[in-house]
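Each chain gets a letter, A, B and so on, in the order the sequences are listed, and its residues count up from 1.
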Number of protein chains: 2
Amino acid sequence: MTIEQAGTAEASVAPARAWRAVLEHVERGLLDGDLAPGDRLPGERALSTDLGVGRSSVREALRVLEAMGLVRTAAGSGPNAGAIIISTPGGAMSALMRLQVAARGFPVADIVRTRLTLEASVVGDLADASPPRDLGDADRLLDAMDDDALAPAEFLALDAQFHLALAEASGNQVITATMAGLRSGIEGYALDGLDRIADWPATRDRLRGEHRGVVAAIRQADAPLARTRIHDHISGYYAEISLDG
Amino acid sequence: MTIEQAGTAEASVAPARAWRAVLEHVERGLLDGDLAPGDRLPGERALSTDLGVGRSSVREALRVLEAMGLVRTAAGSGPNAGAIIISTPGGAMSALMRLQVAARGFPVADIVRTRLTLEASVVGDLADASPPRDLGDADRLLDAMDDDALAPAEFLALDAQFHLALAEASGNQVITATMAGLRSGIEGYALDGLDRIADWPATRDRLRGEHRGVVAAIRQADAPLARTRIHDHISGYYAEISLDG
DNA sequence: CGCTCCGCTGTGGTCTGACCACATCTGCTA
DNA sequence: TAGCAGATGTGGTCAGACCACAGCGGAGCG
């Protein structure tokens, strides 16, 4: 048994859970510069003995870090094995939003409203950007969406990638990750809504036109127009799949 | 050993980790309505046998759910013990943003920019809201901030609560949780920046005035003015603690 | 009869030790 | 020299054992 029992005081509210100590140790290493993306964490057994906690507690902390998109783990040996510091907030944000929607913590309406705000900001920034940002990824996705053979769900997936591409083009990683999360949160809702669309080909053509219109407004450096168009595009779509039917 | 080895195919990329099965089981329960906020999850030992995984794997999944703000665990017996479904996205969002900033995945500049966008949206909505929202919490925080005896860090804490109170007043839970996260992500940065403020009393007085000005604009239902004021307030402060000194 | 107290019970929290699969490295062998 | 087989060490998982804690209920006391 470890000898960390010194000081029964300071109990306060937190029962000083062991795995939290591991989490804080890693976070401190990050803040102090001892750990940086690409670095490998010590092995689970080493962390266990270093911090005086059981290996299972170390694993619980690593699981949290993995869920937060901070580490990637791989078994085996060699440079690619072990727990490696990464930074992929998108997946973590998506999981968080998805679960919160499932637990009724995030109303779908609030997610849509937040999307309206963030996407309007994104396209506004893109339109104002000087020099203009590269919209190649967005263009390619729009071209891919012109394929009439796409199933509705496939079209929707490309649609989501298009919106995400705009966020990426804006260069704001926080907004990009958040929008990825928002999208994941309402993905199920959007897929369910497909059933409520009476005339899919018509809706699809309208969406295509709206997408092109947004990009055109960005290229014209007309920020207000771009904001208006993206706003109408998003709110219109959700109005269709929620009210219509 | 459990007999879940059926079908070695479908290996693909995910090694089908045991804890992920628990996570998906809970998520499906949420989506199917079998689980709702306030419900108690089965005990860890029961989940373990039901899903055919070890108890440690169950615990790793519960740890992720806890980090995501979905469950609250308590030892002991009785109605308050066990893993209970909750929905507190704020803490999870804060942890996520804080860790991502620590891992250099979220540049501080992007967080500030996102704050500008979201807070402008919040105050704009508040100004346009009909009937007007209750700003009592924000008022009380402003009054508390009028105390000259407050230490700078204490003032900053109240400041953060004020901004959060505005988000809460707007009623958008997604924005509220996101703003709580953004704030946590740059908290360390903001605290460090205190050292770079030459004349704290002057800065403090200016912040007080700007806060009052934002609330006044909201009460006047002047959305554009509120947006401008909150924008200048935030960008001005971060300009001061980053460039100055 | 009512109240208090103490042990019983079941929960999460933690630790330990043991396997397994895997990726790499080492060194022997052909 | 080329190639393969074992050694090595990693994460992934499981099983079992404690502990502290919170509630419940019966025994004992007033």
Side-chain angles (χ1 to χ4, degrees), chain A residues 1-5 7-26 39-67 70-86, chain B residues 1-5 7-8 11-26 39-67 70-86:
Chain A
M1 171 39 71
T2 60
I3 28 86
E4 26 120 351
Q5 291 306 69
T8 0
E10 68 130 47
S12 69
V13 286
R17 316 224 234 156
W19 61 273
R20 203 162 272 284
V22 182
L23 214 54
E24 284 160 12
H25 178 260
V26 173
D39 289 353
R40 268 215 319 283
L41 283 174
E44 297 178 355
R45 294 163 179 86
L47 270 177
S48 169
T49 58
D50 288 355
L51 298 179
V53 300
R55 191 182 161 212
S56 43
S57 297
V58 172
R59 300 203 90 249
E60 291 181 18
L62 289 179
R63 206 74 324 121
V64 171
L65 290 173
E66 188 176 343
L70 274 174
V71 304
R72 164 181 75 75
T73 60
S77 163
N80 284 344
I84 295 173
I85 302 279
I86 57 176
Chain B
M1 172 39 69
T2 59
I3 28 82
E4 24 123 349
Q5 292 305 70
T8 2
S12 68
V13 287
R17 315 222 233 160
W19 62 273
R20 203 162 272 284
V22 182
L23 214 53
E24 283 160 13
H25 178 260
V26 173
D39 289 353
R40 268 215 320 284
L41 284 174
E44 298 178 354
R45 294 164 179 85
L47 270 176
S48 169
T49 57
D50 287 355
L51 298 179
V53 300
R55 190 181 161 213
S56 42
S57 296
V58 172
R59 302 203 88 248
E60 291 180 18
L62 288 180
R63 203 75 327 124
V64 172
L65 290 174
E66 187 176 343
L70 274 175
V71 304
R72 164 182 75 74
T73 60
S77 162
N80 284 343
I84 295 174
I85 301 280
I86 57 177

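At whole-Å resolution of the value, CD in Glu44(B) and P in dT14(C) are 10 Å apart. Per the geometry, CG belonging to Leu62(A) stands 8 Å off P belonging to dG12(D), to the nearest Å. As rounded to whole Å, 14 Å separates atom P of dA23(C) from atom CD1 of Ile84(A). One atom, CG of Leu41(B), and another, C1' of dT11(C), lie 13 Å apart when rounded to the nearest Å. Taking atom CD on Glu60(B) and atom C1' on dG12(C), their separation rounds to 15 Å, with Å as the unit. Between the CG atom of Leu51(B) and the P atom of dT13(D) there is a distance of 13 Å, rounded to whole Å. Residue Arg17(A) contributes atom CZ, which lies 12 Å from atom C1' of dT14(C) at whole-angstrom precision. As rounded to whole Å, 13 Å separates atom P of dG12(D) from atom CG of Leu47(A).
Residue Arg55(A) places none of its side-chain N or O atoms closer than 4.0 Å to OP1 or OP2 of dT16(C). An OP1 or OP2 oxygen of dG12(D) is reached within less than 4.0 angstrom by a side-chain nitrogen or oxygen of Arg63(A). Put simply, Arg59(B) has no side-chain N or O that comes within less than 4.0 Å of OP1 or OP2 on dG12(C). The phosphate of dG12(D) has neither OP1 nor OP2 within less than 4.0 Å of any side-chain N or O from Ser57(B).
Looking at residues two or more places apart in sequence or on another chain, you find no side chain to side chain contact (heavy atoms under 4.5 Å, CB included) involving Ala21(A). Residues meeting the side chain to side chain contact (heavy atoms under 4.5 Å, CB included) test with Ala81(B), sequence neighbours left out: none. Take Arg72(B) and apply the side chain to side chain contact (heavy atoms under 4.5 Å, CB included) test, not counting sequence neighbours, and it matches Ala74(B), Ile84(B), Ile86(B).
Note on the helix from dC1(C)-dG30(D) to dA30(C)-dT1(D): angle between the axes of the first and last five pairs equals 20°, rounded to 10 degrees.
Between the CG atom of Leu65(B) and the CD1 atom of Ile85(B) there is a distance of 7.0 Å, given to the nearest 0.5 Å.
Ser57(B) and Trp19(B) make their closest contact through O-CB, 3.4 Å (heavy atoms, listed as atom of the first residue, atom of the second, distance).
Residue pairs that meet the side chain to side chain donor-acceptor pair (under 3.5 Å) test with at least one member in residues 45-56 of chain A, sequence neighbours left out, are Glu44(A)-Arg55(A).
In this structure, the side chains of Val71(B) and Leu41(B) come closer than 4.5 Å at one or more pairs of heavy atoms. Within the 4.5 Å cutoff, the side chain of Thr73(A) has heavy atoms near those of the Arg17(B) side chain. Leu62(B) has its side chain out of reach of Val26(B): every pair of non-hydrogen atoms, C-beta onward, lies at least 4.5 Å apart. Between Val53(B) and Val22(B) there is a side-chain heavy-atom pair separated by less than 4.5 Å.
Residue Thr73(A) places its side chain closer to dG12(D) than to any other of dG12(D), dC15(C), dA17(D). With distances taken from any side-chain atom of Arg45(B) to the nucleotides dG12(C), dT14(C), dG11(D), the minimum falls on dG12(C).
A salt bridge links Glu66(B) to Arg63(B): at least one charged side-chain nitrogen sits closer than 4.0 Å to a carboxylate oxygen.
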Hey, mind stepping through His25(A) and Leu47(A) against side-chain contact (heavy atoms from CB on, under 4.5 Å) and telling me if it holds? CA-CA 10 Å; His25(A) 178 260; Leu47(A) 270 177; 4.1 Å; yes
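Along DNA chain C, the nucleotide closest to Gly82(B) and the one closest to Gly54(A) are compared, and the more 5′ of them pairs with Gly82(B).
Near DNA chain C, meaning a heavy atom under 4.0 Å away, the residues from residues 74-81 of chain B are Ala74(B), Ala75(B), Gly76(B), Ser77(B).
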Could you list all N or O pairs between the protein and nucleotides 4-8 of chain C that sit under 3.5 Å apart?
none

